[in-house]
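One structure is given here, and the rest of the page talks about it.
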Amino acid sequence: MDMGKNFDHGEAERRIYEWWERSGFFRADPEKPGEPFVIVIPPPNVTGNLHMGHALDETLQDILIRYHRMRGDNTLWLPGTDHAGIATQNVVETALAAEGLTRQALGRAGFIERVWQWKEKYGSNIVRQLRRLGASCDFSRERFTMDEGLSRAVREVFVSLHEEGLIYRALHLINWCPRCLTALADLEVEHEERRGALYYLGYRFADGEGALTVATTRPETIFGDMAVAVHPEDERYRGHIGRRVLVPLINRPVPVIGDAYVDREFGTGVLKVTPAHDPNDFKLGQAHGLEAVRAIEEDGRLSPIAGRYAGQDRFEARRAMLPDLEAQGLLTRTEALNHAVGVCYRCRTVVEPSLSRQWFVRTASLAAEAARAVRDGRTAFVPKTWEKTYFAWLDNIRDWCISRQLWWGHQIPAWHCAECGGLTVTREDPAACAHCRSGRIERDPDVLDTWFSSALWPFSTLGWPDKTRDLARYYPTSVLVTGFDIIFFWVARMMMMGLHFQRRPPFGTVIIHALVKDAEGRKMSKSKGNVKDPLEIIDRYGADAFRFTLCALAGQGRDIRLSDERIAGYGRFVNKLWNASRLVLTNAGRARLGEAGPAGPADSLPDRWLASRLNRLTAQVRRHLDEFAYDHLAESLYHFVWDEFCDWYLELVKPVLHGPDEAAAEAARGRMLAALSVILRLLHPVMPFVTEELWSKIPGAAGPLMLAPFPAADEAGLDAEAEAGIGFLMDVTRAVRSVRADFRVPPASLLTPVILAGDQALTRVLAEYSPLVLKLTGSAAFEAAGPGQVKPREASLTAFPWGEVWVPLAGHIDMAEEARRLEKEAAGLARDLEAARAKLANPEYLGKAPEDIVEDMRRREADLAARRGAVERSLALLKGML
RNA sequence: AGGCGUGUAGCUCAGGGGGAGAGCACUACCUUGACACGGUAGGGGUCAAGAGUUCAAAUCUCUUCACGCCUACCA
């Protein structure tokens, strides 16, 4: 067997992946039998690069996909990318700026052409990078949200919803980004706590002396003030309702109105009303018949009504106004105030609430159905706690603003008529107005929110609106794996659209994972310089170590703190597996997989033990995968391979392999290969590369590991006798080793332990495996003694539930020290024994505790008593000698 | 302002009514023929605090403290 000491992941990963893909192992075939298991990838931004969030997401998906593929399910993992409207447009605009160009200079068609070029150039980056992770996507089905097919789906959905009255156009107060020059949905506004100030401004009465003082954080909006409002029952101001006050600086008279919305406690209890720039003021304005006049234009500059401040940027104007107000005695006070401001989620510019005519989705009925599907269990979140978050949003949802004043995206299929003003919304581009037949129609320039097309992803990617074989076979999908940050943006909206257009929810299970943070728990960001590149990690540690780390850290519902130490640790695990396999393979002799015949009671005790343990492991691994318990999955595999397989099993078989009994060695070789094949198959979904490489070296292993059947657990495979026998040998071994370490007996000095096993079966094990016991414990000889036999003098005792181990230590042991040690141990045992006896003496305990618990406690009491007895007898012996 | 979540070993976290666990780090010893990316043996915790429920609480309930995150139109 030609194997180096280390797995060369760099070379092997590329070679193996290329082989898998070239062989078509990732491709789904709807005509094949098998339960469908389907995942659609959360489409990354087309111009993006693979970051840690993707790496986690794709790894968790690939683990499930590989598991189900090995189980024989009809498995599809559909990859693709998102056009990411604002984000991509911004990126390309920035690139243009470097050339001294603007999108306006290029014109709409020219600009869109440039974005497509950009997409062709960089769009495949992220898909290529997926391959480095080992992602087994069906790339023959790769989709893009602006594909011809997906665009048709978008259009069909838009027109249908419009026909049903679920899409409408209206003048509303929306969130406007003055930098991106587009409307944003409520979700696309993030709230940041910022230090600001509360300015107290005097509004003089138009008809006499005195003034009302208004507290505001945004003095620059006063030019849009249409009223000043007070609470109708506020004694201080009630009498002024109906009078008029003058807007500072421009002295435009506005009425004082009364409305219970006003909070008497805040500021002065007087509120300025700016219907065009504040959602609440807009409502107030509607209620009181006030006009809404924009004080701030789309680009964030003040409008002509701002007098001499017109044309200034909003924040610049604020700074300029303050001294002027002060000079006129109208700025009476300034207080520091921390308050939340809304910023654009793409460029972090402070958004301007603005009155604007936009397109909306009427969400009430769609959201109700989306919530119902989770409430009645058609779709379940894992972990379940995220369902609360999901409901909280859907139950309080507002209409969704879907129009964006961008160029990159799906242009809205609506035509405005210059003759009658009517709207024509159709599946095919119209030649004339649907209302007046005029040919003077013009297409609405707006595009749709990126998330509108993302919402259709689970069925648009399968060919809808056509009735395709894929759609019939693979919708609804099985699971969705994503981060909690896009539950509202994406998950909820897919639920709404999937239910509305396919009548069934788009997935059965939504797996929500945590977000990847750095080792200190900080969000990774370029500005902090703590971003880790997944590709660099893969280069350094290998995809398997990286994937195993992500799997182990994917504990449900918290931050994932990724540190190099952790990844390096799992790199050592890969190395351990490699070397353990090397031992097995280099000692396989002429054995071939599958030729050893069925395992059974004729096998050696270690082989029976390993088979039994592997059976338990298999059951665990399947359960963890079925329950999406990734962290437990990783832990089970790690401990089995390292602690049970390497530290015990391989040490137990080594003497057999090198021993004189050739028949026994031959049998062990077969069993060893079989066990390795099971381990590799169980590990494969998490660590596909190293396992595939090792599999290829197993004599008799046929075909790719990634298509080999996943092991099944079998109750009948459990072997209690073997587990008890090996457990006993472990106890003996550990006891002797511990004594040796405690008394600093040099490794070269052989010991002569005395082992008292009460159980006959264990005594037989001891006899049968005596050479093994000698080797494991570093002994020259040992004596198997019966109960009541004379104990050796100058020895250290370890008491077990099943008996005692005595290690004679003449010359090494300080008897007084040993006596002190035993006294301490006896005291500990006595304390535990007393606690156990107290419980068993308590009638309430006996009456109320379940029978099996009480039974355990009785056994515990007996064990403790026996062990304490042994320790005390030993103590008496020692004291007699002192 | 509401909602969700988290406080367990030095660090990162698992456990979740019935004997406190893992990885890393730490200590001692070991170049044993798969691996020193290794082996063996160890040290280390009032399970945030208080009260309650229970035969039994790290685990359930309440309160307090601390720290996250999400949602939100109080100027």
Notebook entry, point to check: Can you tell me how far C1' in A36(B) sits from the matching atom in G17(B), rounded to whole Å?
Noted result: 44 Å
Margin query: Determine whether a donor-acceptor pair (one donor, one acceptor, N or O, separation below 3.5 Å) exists between the side chain of Asn6(A) and the base of C37(B).
Written below: yes
Note to self: Does Thr385(A) reach a base, just sugar-phosphate, or nothing at all? Heavy atoms under 4.0 Å.
What the structure shows: sugar-phosphate
Note to self: Need the pair for U71(B). Rule: Watson-Crick or G-U wobble, both distances under 3.5 Å, any strand; none if unpaired.
What the structure shows: A1(B)
Next item on the list: Sort out for me which residue in Tyr638(A), Tyr570(A), Phe548(A), Tyr630(A) forms a side chain to side chain contact (heavy atoms under 4.5 Å, CB included) with Val686(A).
Entry: Phe548(A)
Margin query: Taking the P atom in each of G7(B) and U59(B), what is the distance between them to the nearest angstrom?
Written below: 12 Å
Margin query: Should the side chain of Lys576(A) and the base of C35(B) be counted as holding a donor-acceptor pair, with the cut-off at 3.5 Å?
Written below: yes
Note to self: At less than 3.5 Å, do the side-chain atoms of Lys654(A) and the base atoms of A34(B) form a donor-acceptor pair?
What the structure shows: yes
Note to self: When the C1' atoms of A58(B) and U46(B) are compared, how many Å lie between them, rounded to an integer?
What the structure shows: 11 Å
Check: What is the pairing partner of G10(B), taking Watson-Crick or G-U wobble pairs with both distances under 3.5 Å in any strand?
Finding: C24(B)
Check: Is the base of A75(B) touched by the side chain of Glu265(A) through a donor-acceptor pair closer than 3.5 angstrom?
Finding: no
Checklist line | Partner nucleotide of A51(B) by Watson-Crick or wobble geometry (both distances under 3.5 Å) | finding: U61(B)
Check: Among G19(B), A72(B), A34(B), which nucleotide sits nearest the side chain of Cys646(A)?
Finding: A34(B)
Notebook entry, point to check: When rounded to the nearest Å, what value does the distance between P atoms of A22(B) and G43(B) take?
Noted result: 12 Å
